[in-house]
**Student:** 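Please find one structure pasted underneath; my questions will follow.
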Amino acid sequence: MEEVQRYLLFARHFKPKISDESARYIVDQYRRLRQRDCGVTKSSWRITVRQLESMIRLSEAMARMYCSEEVHPRHVKEAFRLLSKSIIRVETPDINFDEPDLLPDGVAMDTTVTEGEPMEGVPPPTKAPPPSENVSKQIRVSYEEYKSIANLLVLHLRQLEENSADGESGVKRMDLVDWYLEANEADMETIDEVKEKRLLVEKVIERLVHHDHVLLPLVTEESGTEDSNPYLVVHPNYVVES
């Protein structure tokens, strides 16, 4: 134990310098991290300059551990390996806008009706009509597409707030939907595509209001309640994800 302590005290005296070859190797390895992160479509981890700083500190620590006055590429290689192992990527599931309501304990609500003799004084339950062929399919988008639409909506509202000369803020919900469709009309060729995109944007706005609480509906003084087409503003503390 005393030998280990003496070794640690001795190693701390070294102040290794990064050579030009090691500096280029650090840049190459950092580029690998960035490229690998871009290849993960649902990664909630983002490689930033902090990981570059961590790689430099780890490389210097590896050189100090070997009592070296200079950081060599082999030290950078080991630092890159340790940093890669420490990065945890969390998969973000797709957004399903048609999920059933959940009870407080997380159990899905059972809406099925069992047939049997009706109770006294209680009318028998009416059978649900058979599903029609025009029932819309489930609306499911990737998390990246959801965030892309959400960021465009938020940035548009923020820009309108900054350019507002009279201090008024907020845009009608349907006006926001119409703006998005006009801004992306080049991506839609048929009327059906326009309808599908409109429904998708409405679902995104609904989630931003009631689930993520990014958009805040303004309550009018006359009604005192939220109407079906309220003015929407961005939460003042929300930061747009890059």
**Student:** Heavy-atom distance under 4.5 Å between the side chains of Ser54 and Arg57, does that happen here?
**Tutor:**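 The answer is yes; the side chains approach within 4.5 Å.
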**Student:** Contact between Leu33 and Met55 at the side-chain level, heavy atoms closer than 4.5 Å - yes or no?
**Tutor:**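 Yes. Closest side-chain heavy atoms under 4.5 Å.
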**Student:** Is the closest side-chain heavy-atom distance between Ile139 and Asn96 below 4.5 Å?
**Tutor:**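 They are not in contact (no side-chain heavy atoms under 4.5 Å apart), so the answer is no.
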**Student:** Would you tell me whether Tyr146 and Asn151 have side-chain atoms, one donor and one acceptor, within less than 3.5 Å of each other?
**Tutor:**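 No.
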**Student:** Taking all heavy atoms of Val49 and all of Tyr30, pick out the closest pair and write down the distance.
**Tutor:**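 That would be N-OH, 3.7 Å.
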**Student:** Counting C-beta onward and ignoring hydrogens, is there a side-chain heavy-atom pair between Phe80 and Leu58 closer than 4.5 Å?
**Tutor:**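 With C-beta onward as the side chain, the pair stays apart.
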**Student:** Do we get Arg173 above Tyr231's six-membered ring, with its NZ or CZ under 6.0 Å from the centre and within 45° of the axis?
**Tutor:**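 That pair does not qualify as a cation-pi contact.
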**Student:** Is the shortest side-chain N to carboxylate O distance from Asp187 to Lys197 below 4.0 Å?
**Tutor:**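 Salt bridge: no.
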**Student:** If a pair satisfies salt bridge (charged side-chain N to carboxylate O under 4.0 Å, His left out) and one of its residues is in residues 11-30, list it, with sequence neighbours excluded.
**Tutor:**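 Of all non-adjacent pairs touching residues 11-30, those that pass salt bridge (charged side-chain N to carboxylate O under 4.0 Å, His left out) are Asp28-Arg31.
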**Student:** Are Arg81 and Glu78 within salt-bridge range, i.e. N to O under 4.0 Å?
**Tutor:**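 Salt bridge between Arg81 and Glu78, a charged N being under 4.0 Å from a carboxylate O: yes.
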**Student:** Taking only residues two or more places apart in sequence or in another chain, which ones pass side-chain contact (heavy atoms from CB on, under 4.5 Å) with Ser148?
**Tutor:**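 In terms of side-chain contact (heavy atoms from CB on, under 4.5 Å), with neighbours along the sequence ignored, Ser148 is linked to no residue.
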**Student:** Atom OH of residue position Tyr66 - does it have more than 12 heavy atoms of other residues, nucleotides or ligands inside 6.0 Å?
**Tutor:**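 Counting neighbours around OH of Tyr66, 12 or fewer heavy atoms of other residues, nucleotides or ligands fall under 6.0 Å, so no.
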**Student:** Would a 4.5 Å heavy-atom cut-off, applied to side chains only, mark Val177 and Arg198 as touching?
**Tutor:**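 Yes. Closest side-chain heavy atoms under 4.5 Å.
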**Student:** Should Met65 and Tyr7 count as side-chain neighbours, where that means a heavy-atom distance under 4.5 Å?
**Tutor:**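 Met65 reaches Tyr7 side chain to side chain.
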**Student:** Which heavy atom of Leu181 sits nearest a heavy atom of Met188, and at what distance?
**Tutor:**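 Of all heavy-atom pairs spanning Leu181 and Met188, the closest is O-CE, 3.5 Å.
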**Student:** Relative to the ring of Phe14, is the ring of Phe10 parallel (under 30°), tilted (30 to 60°) or perpendicular (over 60°)?
**Tutor:**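 Correct class here is perpendicular.
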**Student:** Write out all pairs satisfying ring pair (Phe, Tyr, Trp, His ring centres under 6.0 Å) with one or both partners inside residues 175-195, taking only residues at least two apart or from two chains.
**Tutor:**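 Matches after skipping sequence neighbours: His156-Trp179.
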